[in-house]
Visitor: 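I'd like to ask you about the structure that follows.
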Amino acid sequence: MTTVLPPDADWVSRLADETIAEAEKRGTKVVVASGISPSGPVHLGNLREVMTPHLVADEIRRRGIECEHIISWDDFDRYRKVPNVEGVDASYEQYIGMPLTRVPAPKGSSASSWAEHFRAQFEEGLAALGVVYRGISQSEQYGAGAYTDQILFAMSKRDELDAILARYRTLPKPDGDAAGSGKPVKGGKKAPVLSEEEQAAAAEAEAGSGAAAEDDGGSASGYYPYKPYCSACGTDFTTVTAYDDATHDLTYTCRCGHTETVDLREHRNGKLVWKIDWPMRWSVEKVVFEPSGVDHQSPGSSFVVGKDVAPIFGWERPLGPMYAFVGIKGMAKMSSSKGGVPTPKDALGIMEPALLRWLYARKKPNQSFTVAFDSDVQRMYDEWDALVAKVAADKGQPGDVAAYVRASTTAEKVLPATEYPVAYRTLASITDITTGDETQTLRIVGTLDPANPPSSLDALRPRLTNVENWVARYMPDDERTVVRETKNADALAAASDEQKTALRILLDGLDVPGEQGLPRIEDAWSLDGLTTQVYGVPKVQIGKGADFRPDRKADPETAAALGASQREFFKLLYTLLIDKETGPRLPTLLLAVGPQRLRELVTLDGRPRPRRRFSSTFVEPGGVGDRVSERRSDGRLRPDRAALSVPTSTLTRVMTMTTIRGAVTSLGAAALLAGTAACGTSSDASHSATSASPTASSSNGTQPAPSASGSSRASASGPTPADSGSTSTKPASDATSSSAKGGDMRGQGAGTGPGAAYDVVSVIDGDTIAVRIDGKREKIRIIGLDTPETRKPNTPVQCFGKEASSHMQSLVQSKQVQLAADSSQGDRDKYGRLLRHVFVGGTTNVALAQIEGGYGREYTYDGPYQHRLEYLAAQNQAKNAHRGTWGPPCNGFHQDDAGSSAAASTSATPAPSTSAAASSPAGAGSSGGACAIKGNINSKGAKIAHAPGSATYDKTVITPSKGERMFCSAAEAIAAGWRMAND
């Protein structure tokens with residue numbers, strides 16, 4: 001298949017342009033080359049040596065231009081050391097120094113030699129990847145005398161070659177201080193700038209490269225670029241002692257004691273040394289493009305020296321970009337000689353060829369990347385499926401389209417693809433839970449899309465085969481899922497009334513007046529249906545529809561509280577089903593468990609729920625207050641509205657704090673409305689439902705923290721649905737621990753900060769400090785805190801600014817602080833300052849201390865973050881107490897409110913009215929002060945309910961003619977379409 005891509009579509013197109021132009025300049029056809037030494041398993045790092053020229057050659061052929069890709073098998077190289085591979089033991093040490101084609105294959109192999117064994121493995125992978133090439137065995141070439149003229153020529157030019165090599169012998173080795181640092185080295189050139197990991201990789205590669213470690217031909221007896229293998233012992237532990245240019249007689253000695261004189265015109269048992277051999281072959285094959293790794297491009301190494309050697313043979317060094325190394329989850333560079341490194345064949349066991357091609361096509365050669373064999377393979381597949389969907393919808397950028405085309409097709413063919421693709425992580429969960437049972441797998445997959453089920457498992461392959469291999473070989477033991485055989489009676493007994501009600505709603509559904517309710521679980525038995533069911537339970541518990549999606553900007557508290565409730569409900573289900581707090585996607589897990597077994601494991605009394613009737617009503621046993629609910633004819637519950645009501649005094653507080661097991665847990669308004677506290681772990685509960693949770697894991701197959709939107713993030717196509725309302729987790733790049741790893745870190749007495757401590761260099765103002773990290777001064781902008789300005793250009797010192805700075809000094813000056821990144825925030829702000837939570841002594845949350853004292857306000861920089869709800873609660877307390885900037889003489893925070901989502905008041909909050917009922921307008925629906933919540937409609941049409949004691953309550957006037965009204969409870973207001981005010 002030939003798909004012509006637009007010019008300059010990506011890095012491949014640009015290199016193809018340069019290669020074509022170079023061939024035209026040299027007056028030759030386009031030849032690109034790769035060199036592989038089969039000294040051991042040819043791993044995924046070596047594959048980049050092949051894939052880079054393959055992609056360039058493929059692009060040239062797509063344009064209709066003749067191009068040949070040569071793979072030179074360096075199988076006449078010496079056997080250097082014994083690798084740790086199957087079928088090889090210490091007895092192989094006797095073959096060190098022999099050509100790879102003369103070393104026996106590993107025990108149990110049918111190959112004729114070591115070289116053939118590992119070459120065959122690699123070629124099998126290349127065939128699956130669609131790589132078209134012409135292989136050249138150097139053992140065959142030298143053995144057939146193909147290079148005899150070039151050998152004789154090199155020997156005649158040995159003095160000139162020696163002089164060239166002498167210029168580079170004095171340069172520092174790649175593992176010297178200058179190598180990879182970008183500092184000048186002897187010779188006037190700069191070494192490549194490499195990271196610390198890449199420098200270590202370069203040193204390992206220099207030692208591990210098949211030919212790079214050979215000597216360059218120099219010896220005490222003179223310089224000779226030819227290295228013979230001993231005819232007695234078969235090794236290359238030889239030294240050339242003499243050469244006659246007239247007769248071409250060459251004399252050598254070996255460490256085994258053998259001495260021999262041979263006619264070099266007839267000798268076939270030796271080769272040119274590597275730094276001469278490689279440039280010689282460029283001239284023979286007329287190579288125009290050949291990339292190489294860091295080990296061949298460091299100062300004094302083969303590719304660098306080849307620039308001067310190639311002209312001796314009448315050719316120029318080819319275009320040759322340096323490619324970075326390929327890692328396997330933390331491995332800087334894979335070395336064949338160490339064994340156990342994944343090969344293309346290994347990778348193709350767990351991923352389709354198109355995905356593996358894509359990993360190499362999407363990155364420029366000088367960009368390193370990692371191939372995942374752990375749970376991150378699921379994330380890689382999510383990204384691939386998202387790309388496929390984007391391209392199919394004609395929404396891909398040119399670079400996306402180019403990467404997809406190069407991954408899925410070549411100039412000759414379309415690579416095989418799965419006919420019925422299901423998300424990799426979904427298949428992994430199904431395969432894990434069913435232990436590979438094909439009947440169960442087909443049944444479950446069929447429920448993912450009941451209108452279009454697969455006809456057989458063949459439609460799911462090869463992806464399903466890849467998943468089965470991954471689950472069997474690489475799935476971490478702690479991620480494997482075992483469904484309980486019997487009910488977890490202890491967990492059910494320990495469940496709160498609210499949780500028990502949630503379980504009943506999950507199984508039997510619940511009707512919500514005027515909103516989308518939930519059906520019985522059997523009627524929701526599909527991936528989409530179960531997704532709505534499990535995410536919808538906490539929503540209908542507060543009187544919302546199952547399709548309710550809170551506006552995280554307009555009503556972050558509701559979003560956060562609902563997300564916390566969902567997380568606690570999910571933990572309960574996982575505990576009841578698999579004895580863990582996390583696990584596979586819940587909808588997928590439920591599909592695998594089946595409705596009957598689900599009821600057996602989560603029904604409170606182990607039997608179908610009793611239906612006690614009282615006239616036309618049903619008494620819900622064990623529910624919140626045993627409220628009376630009406631039962632519809634189809635068996636679903638229609639709740640009594642009073643069951644959701646709570647005292648008005650409770651609703652005057654947006655947030656309450658409680659200490660559980662030493663960790664402060666935020667209780668959201670939604671949990672309060674349900675009548676009980678949602679007591680989850682602080683790292684979950686303090687996050688907005690629409691931000692990334694630090695406990696979420698999209699890479700290991702476990703269920704992430706739920707989005708309040710109800711998105712399962714487990715669709716068959718892989719990507720998160722567009723309506724999930726979730727934000728992506730952003731990485732922290734410095735040495736500080738993230739909240740995800742450091743546990744809950746609150747204010748004074750509210751948890752423990754991360755372990756690492758950093759010296760405070762200075763206090764810049766009330767919300768910014770400077771610390772020293774690894775000897776470098778870094779400015780820290782504290783997440784969630786904004787204090788009056790004291791040092792902002794063109795801005796006067798604002799009221800209470802100096803006091804805020806002084807208070808910050810009293811907290812941190814001359815002390816050590818702990819820093820924690822926040823997975824929901826960026827790593828740095830637009831000024832380059834690190835965004836971090838700051839703690840003193842591991843217990844005092846600096847931002848919380850500033851806000852509690854009235855020295856600053858809550859500030860949202862980049863979406864909801866950890867601890868935001870505590871900060872808002874502390875701010876409300878400080879405002880109501882008229883502390884700091886909220887009292888005289890400031891009477892409110894400074895006027896620069898841009899960027900804050902907190903909508904801070906600019907004046908001191910009036911004291912709560914002593915009589916909420918007295919402030920209610922006549923005729924507004926007040927009933928003796930019992931219905932005191934004001935349902936206001938603002939100028940933009942937003943319906944906002946104000947509870948007594950809120951900052952804007954006394955200013956709010958209800959006008960019934962506009963549709964405004966009074967409510968008796970927050971639940972009633974929310975059910976009618978109002979939201980509670982944030983103040």
Side-chain angles (χ1 to χ4, degrees), residues 487-513 515-521 524 530 532-546 548 561-577 586 590 598-599 601-614 617-632 635-646 650 667-680 685 706 708 710 969-972 974-975:
K487 183 187 305 184
N488 189 334
D490 292 340
L492 282 171
S496 66
D497 287 343
E498 180 192 10
Q499 290 175 322
K500 292 175 181 177
T501 299
L503 292 174
R504 294 188 181 101
I505 294 172
L506 173 73
L507 297 177
D508 296 307
L510 183 69
D511 210 23
V512 180
E515 302 286 354
Q516 176 183 329
L518 293 176
R520 293 172 68 89
I521 193 74
L530 289 174
T532 301
Q533 195 86 356
V534 296
Y535 279 90
V537 169
K539 298 176 183 179
V540 302
Q541 279 191 285
I542 61 169
K544 291 294 184 182
F548 170 65
L562 184 55
S565 297
Q566 287 172 327
R567 283 188 288 273
E568 291 306 304
F569 180 53
F570 279 28
K571 288 181 182 178
L572 175 63
L573 284 178
Y574 282 126
T575 300
L576 294 175
L577 296 175
L586 260 179
L590 298 187
L598 174 65
R599 283 188 175 275
L601 292 175
V602 306
T603 298
L604 296 177
D605 55 7
R607 302 183 303 276
R609 184 164 50 86
R611 299 184 177 184
R612 291 185 282 129
R613 293 187 178 275
F614 177 76
T617 61
F618 169 73
V619 179
E620 178 75 1
V624 180
D626 275 352
R627 304 286 184 174
V628 177
S629 301
E630 182 181 3
R631 164 115 12 221
R632 295 182 356 159
R636 287 157 59 189
L637 292 176
R638 188 175 285 120
D640 174 19
R641 181 167 296 181
L644 297 177
S645 300
V646 292
T650 304
L667 304 181
L672 294 176
L673 295 179
T676 59
C679 301
S969 71
E972 181 182 7
I974 292 173

Visitor: Nearest heavy-atom pair of G543 and E515: which atoms, and what distance?
Guide: O-CG, 4.3 Å
Visitor: Is there side-chain contact between N488 and L577, with at least one heavy-atom pair below 4.5 Å?
Guide: no
Visitor: Quick one: which of V602, L601, T603 gives a side-chain contact (heavy atoms from CB on, under 4.5 Å) with R599?
Guide: T603
Visitor: I need the minimum non-hydrogen distance between L586 and F570, along with the two atoms involved.
Guide: CD1-CG, 3.5 Å
Visitor: List the steps, then state whether side chain to side chain contact (heavy atoms under 4.5 Å, CB included) holds for L510 with V537.
Guide: CA-CA 9 Å; L510 183 69; V537 169; over 6 Å; no
Visitor: Search all heavy atoms of A546 against all heavy atoms of V540 and return the closest pair with its distance.
Guide: N-CG1, 4.1 Å
Visitor: Sub-3.5 Å donor-acceptor pair from the side chain of Q566 to the main-chain atoms of P538, do we have one?
Guide: no
Visitor: How many angstroms lie between atom CD1 of I505 and atom CD1 of I521, to the nearest 0.5 angstrom?
Guide: 12.0 Å
Visitor: Would the Y535 and F569 ring centres measure less than 6.0 Å apart?
Guide: no
Visitor: Show your working on side chain to side chain contact (heavy atoms under 4.5 Å, CB included) between Q516 and T532 and close with a plain yes or no.
Guide: CA-CA 10 Å; Q516 176 183 329; T532 301; 3.7 Å; yes
Visitor: Quick one: pull up CG in L604 and NZ in K487 and give me the separation to the nearest 0.5 Å.
Guide: 7.5 Å
Visitor: Which pair of non-hydrogen atoms, one from G536 and one from L518, has the smallest distance, and what is that distance?
Guide: C-CD1, 3.7 Å
Visitor: Closest heavy-atom contact between L492 and K500?
Guide: O-CE, 3.5 Å
Visitor: With distance as the sole test, does Q533 use its side chain to make a donor-acceptor pair with the main-chain N or O of P519 at under 3.5 Å?
Guide: yes
Visitor: Any chance you could measure R504, atom CZ, to L506, atom CG, to the nearest 0.5 Å?
Guide: 12.5 Å
